[in-house]
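Numbering of ligands and ligand atoms starts at 1, following listing order.
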Amino acid sequence: MHLNEIAKLIEQSTTIGITFHTSPDGDSLGSALALLIALKNKNKMAYIISQEKIPENFSYLPFSSEISSNLQEPIENTELVIVLDCGNRERINAKLNNYKNTLINIDHHLSNDMYGDFNYVDTIAAAVAEIVYELIAILNMEITKDIATCLYTSLLTDTGSFKYSNTTSRTHNIAAKLIDTSIDFTSIHRNIYENKSFKFLKLQGMVLENMYLLLDNKICIMEIHEKMLKDINYVLEDSSEIISYGLKVKGVEIAVLFKEVPNGVKISFRSKDTADVRKIAENFSGGGHSKASGAFIPNVTLEEAKNTVIPKLKDELKL
Ligand SMILES: [Mn+2]
């Protein structure tokens, strides 16, 4: 499927729903709002479908109030639902059981199930924002300052401020174009990276205090127990920053974060160089990228989850 054909479908439709993966991150939110604004500017009846509200720290994004969880399924007469940044049907942040019209899947994850009626998966794109940028260009719509603020947020968050290996010259070229609209990139950066709650830093302290190394010091294990969160009366929305500390350790190749949740254990994986953590996550019906992935094991304790996961890590590192 070429992006031109998706643009054509958009041109031919009036009522268009936009959604993304559950626990939406900066790329999902930024890409969705950028596309929303562009379609509104094109006089489309465009709206966001989401079962979750936008996380507080992304409330600076233009039109952020449209990610409200008010609309959890497509409204009547919706002709297109566009799913952004989501590798499989189960993770879609919308109830689609009663939806019969066209579903478009636009993504950059290597493990994408091609669940749409039309699929556009560009695994070279560092963020879905790169694809949305191109799509907006094909639709002949201007990249306004609002759109640029959203897309820049996506690029920044999915590349770890342009430092992960997924960053390409295209990423930088698009970022340059976005900066040309005179966005306030310093304040975007501050909103994302220097806007942590005191409790979040306290939690980080607890996790760092208890982390340990395994398998020749190549693996860093981190744990978040329900009790830790309860003790400081805190709800953790995004643990990606915490796990990144595991990779800062000299010699560590894989960082793994186990998080206790009421019905099981969530596991996040990060890899520094060659290890493919997507393969590891896939053992547990998870997915993601080769350097960042996640999985969920239902109905186990944290100890049991570790006992199942650690042997797979050993295999991946060929130890
Ligand atoms: Mn993404």
Side-chain angles (χ1 to χ4, degrees), residues 3 6 18-36 38 48-52 54-55 57-58 61 64 67 81-94 104-116 119-136 147-168 170-175 178 188-189 191-193 237-241 243-244 266 268-271 276-278 281-282 286-295:
L3 211 46
I6 290 178
I18 302 168
T19 188
F20 34 66
H21 66 71
T22 49
S23 310
D25 59 3
D27 185 24
S28 296
L29 300 165
S31 307
L33 290 174
L35 186 58
L36 177 78
I48 301 280
I49 313 168
S50 176
Q51 298 176 275
E52 293 165 277
I54 193 161
N57 55 330
F58 288 107
L61 289 171
S64 61
I67 303 180
V81 169
I82 302 175
V83 186
L84 299 172
D85 201 27
C86 181
N88 53 60
R89 201 171 233 286
E90 295 69 40
R91 281 192 87 204
I92 301 175
N93 210 328
I104 296 181
N105 159 20
I106 298 178
D107 189 28
H108 68 139
H109 291 90
L110 271 173
S111 50
N112 188 294
D113 295 348
M114 302 292 177
Y115 51 81
N119 303 284
Y120 184 85
V121 180
D122 175 1
T123 56
I124 305 295
V128 166
E130 292 187 16
I131 307 169
V132 169
Y133 178 88
E134 274 180 46
L135 183 59
I136 293 174
I147 291 175
T149 298
C150 296
L151 293 178
Y152 192 85
T153 296
S154 295
L155 295 183
L156 199 63
T157 51
D158 258 22
T159 61
S161 303
F162 306 103
K163 72 171 181 282
Y164 300 155
S165 59
N166 60 355
T167 309
T168 64
R170 176 172 72 170
T171 318
H172 282 287
N173 279 323
I174 293 173
L178 300 178
I188 295 174
H189 195 279
N191 269 301
I192 294 173
Y193 298 107
E237 277 168 350
D238 179 7
S239 53
S240 56
E241 189 178 335
I243 192 175
S244 70
K266 277 187 180 174
S268 313
F269 302 91
R270 295 291 184 277
S271 147
D276 183 352
V277 289
R278 181 175 57 97
E282 281 173 352
H289 306 280
S290 64
K291 291 193 161 64
S293 66

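- To the nearest 10 degrees, the Mn ion (ligand 1) sees OD2 of Asp158 and OD2 of Asp27 at an angle of 80°.
- None of the N, O or S atoms belonging to His109 lies under 2.8 Å away from the Mn ion (ligand 1).
- Defined by atom type and a distance below 3.5 Å, a donor-acceptor pair is present between the side-chain atoms of Asn105 and Asn112.
- By the 30° and 60° cut-offs, the orientation of the rings of His289 relative to His109 is parallel.
- Using a cutoff of 4.0 Å between basic side-chain nitrogens and carboxylate oxygens, Arg91 and Asp113 are not scored as salt-bridged.
- For residue Asp85, an N/O/S atom approaches the Mn ion (ligand 1) to within less than 2.8 Å.
- Annotation: side chain of Arg270 is in contact with side chain of Ser240 (closest heavy-atom distance under 4.5 Å).
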